[in-house]
Amino acid sequence: MRKPIYMIAALSGVAAFAMASFGYRPKPEPDFKTEKLELDSTILDVTTIAENLNVPWEMLWGPDNMIWFTDHDGKVSKLNPKTGQVTELLQIKDYYRKRLGLMSMVLHPDWKTHPQVFINYSHIQPDSVIVSKLVRYTYNGKALIDPVLLKQIPGYLGHNGSRLVISKDRKLLWATGDLKQKETIHDPAFANGKVLRLNLDGTIPNDNPHPGSASWAMGFRVPQGLTFTKNGNLFIAEHGDATDDEVNLVVKNGDYGWPYMAGFSDLPEEKEHAKTHKSTFPVKAWTPTIAPAGMEYYDGNIPEWRNALLLSTLKDQSLRILKLDADQEEVVAEDIAFSKQFGRLRDVCVSPSGDIYISTSNRDWNPPANFPLKTDDRIIRISKSGVIPKSRRTVKTRQETSHAGASELYQNFCQSCHKADGRGVLGSFPSLVTSARLSGDNEALIALLLKGSQSASGEAMPAFGFLSDDQLATLLSYARSNFSTNKNTVKPDEISRVRANK
């Protein structure tokens, strides 16, 4: 017989009193903060589900419907996206935390029979030599145990890369940075500046293009994103130097040109190189640079973003939506979301239901202006929550400016390192406020910008010779006016003379 509502309420009250008497308290719902974002036809919920993290680097959707992630402390953890609870699975003891530390992770696709996790991290040996390790762990239901070293390659203070993915034919693809050793990028005997292809036991597949070499493709600078599309195409995102951040379609034995080419081969020396060397051009490139980071293919329930590469960015502090053609080979359009809203974005993760997760990177070595916030770093969920009525729909567009003034030039090419106040990052990027070069001789200063430089610590300032004489003069004069005791302007004809004698 159906109980009256008042009886149910009374029984519920008794139960609640009894549970409270015995010390039981129902678990409170997580206090997630949700904002709304409207696309052309879709309403999105944007919700912070975890905070006070330390630079989540890699995020993966796990077989247990948890988000598995690495962080700057050398930890591997998993996050319950419903409750926000974080469970630590591993603390790597021998990783080297200079800049990158714990870099990339991928889970074995045959998880039920092989509950294994592949992790790439930096390590410094007793002789102070830096190496990059690929280690396989086994998950026992509570922790990652039994590390097995599969492969070790040279590392560096920076420019290590990297990302890991596993193909449908069960091969491990590993994107590596150039280590600032340009002479070996195009040599298959060396691991730097490559996409490496390995069997899951660390051995070299027999069908690799160079016998005995793990090299699958070469000519990369600093890869930060790597993902397969639904039809199995492999895309890579990498940092350029002063120009031409790139997204490339990776093909067997492809040569992507770095350091001889950047972007679409539009400079005279690049055109000459392309005449005599087989080169593969990017599907997308950006100048000014945006600092691409993690990347995932999306084909979920947000129609505006379906069949697209989702690319997080550091310098630009945005999520780029790179829409693909039907063959998933070309980028045909680009949208930009969350610009400057959350700070630096390090990685993207997509759930089977179509929810998107992004992680911030504001407590790393190069925080942007006004960050980190007290709640940084965070993992944020983006989910479809509704549809905009047709009567209210408007197509949203983004306008670009083609002519940058002095402050825009500084923001585009200098601010990510030297910062908005010109004071740089201690131990990484020099202050312009105290720079003897900026306040010194015009000719030496101009030569520095045209040629670039490299410090003993491994930091480099790229060459800015691709900018026009007028742009360089405007940029240098702006830097002096705002940061230096020497307020003298630099003239375009001075730059022209130094360039001619370079």
Side-chain angles (χ1 to χ4, degrees), residues 58 60 62-63 68 70 76 90 92 94-96 100 102-125 129-140 144-156 159-179 181 184-220 223 225-228 232-236 248-256:
E58 175 82 74
L60 303 169
W68 292 51
T70 66
V76 178
L90 173 68
I92 297 179
D94 67 334
Y95 95 108
Y96 181 46
L100 302 183
L102 190 50
M103 292 184 286
S104 191
M105 173 176 67
V106 67
L107 309 183
H108 199 296
D110 304 319
W111 186 258
K112 289 185 178 180
T113 55
H114 296 84
Q116 297 171 339
V117 179
F118 302 82
I119 301 175
N120 172 221
Y121 63 93
S122 294
H123 169 70
I124 188 165
Q125 299 179 151
V129 172
I130 300 171
V131 296
S132 182
K133 288 185 172 184
L134 176 63
V135 181
R136 186 186 68 213
Y137 290 82
T138 299
Y139 183 58
N140 67 359
L144 295 176
I145 61 172
D146 299 333
V148 177
L149 179 64
L150 299 183
K151 192 171 181 64
Q152 180 172 293
I153 62 176
Y156 189 56
H159 285 228
N160 289 284
S162 75
R163 293 287 174 178
L164 299 168
V165 293
I166 295 177
S167 62
K168 292 180 180 178
D169 63 351
R170 302 302 188 258
K171 303 300 180 187
L172 184 68
L173 284 302
W174 179 7
T176 66
D178 67 0
L179 309 182
Q181 297 177 12
T184 56
I185 294 173
H186 296 269
D187 188 337
F190 293 83
N192 62 311
K194 309 287 195 303
V195 170
L196 307 178
R197 181 171 178 263
L198 300 167
N199 295 315
L200 296 186
D201 61 0
T203 59
I204 296 172
N206 293 328
D207 58 345
N208 274 10
H210 306 279
S213 169
S215 176
W216 183 252
M218 61 182 67
F220 302 103
L226 195 66
T227 189
F228 282 105
N233 288 340
L234 179 63
F235 283 90
I236 189 170
N248 284 281
L249 174 61
V250 179
V251 297
K252 181 178 181 179
N253 206 27
D255 189 327
Y256 295 83

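- Contact between Leu150 and Asp201 at its shortest, heavy atoms only, is CD2-O, 3.6 Å.
- Between Tyr137 and Val135, the closest side-chain pair of non-hydrogen atoms falls below 4.5 Å.
- Residues Leu234 and Leu249 fail the side-chain proximity criterion, which asks for heavy atoms closer than 4.5 Å.
- The NZ atom of Lys252 sits 11.5 Å away from the OG atom of Ser215 when rounded to the nearest 0.5 Å.
- To the nearest 0.5 Å, atom CH2 of residue Trp174 and atom OG of residue Ser132 are 4.5 Å apart.
- Between the CZ atom of Arg170 and the NE2 atom of His114 there is a distance of 10.0 Å, given to the nearest 0.5 Å.
- Classification of the Trp68-Trp111 ring pair by plane angle, with boundaries at 30° and 60°, yields perpendicular.
- Ile166 pairs in a side chain to side chain contact (heavy atoms under 4.5 Å, CB included) with only one of the listed residues (Asp110, Leu173, Leu200, Leu107), which is Leu200.
- Between Tyr256 and Val251 there is a side-chain heavy-atom pair separated by less than 4.5 Å.
- Counting all heavy atoms, side chain and backbone alike, Met105 lies closest to Val117 at CG-CG1, 3.5 Å.
- For the atom pair Leu144 CG and Tyr139 OH, the distance stands at 7.5 Å (nearest 0.5 Å).
- We find the CG-CD1 distance between Leu90 and Ile92 to be 5.0 Å, quoted to the nearest 0.5 Å.
- Here the shortest heavy-atom pairing between Gly232 and Lys168 reads N-NZ, 4.3 Å.
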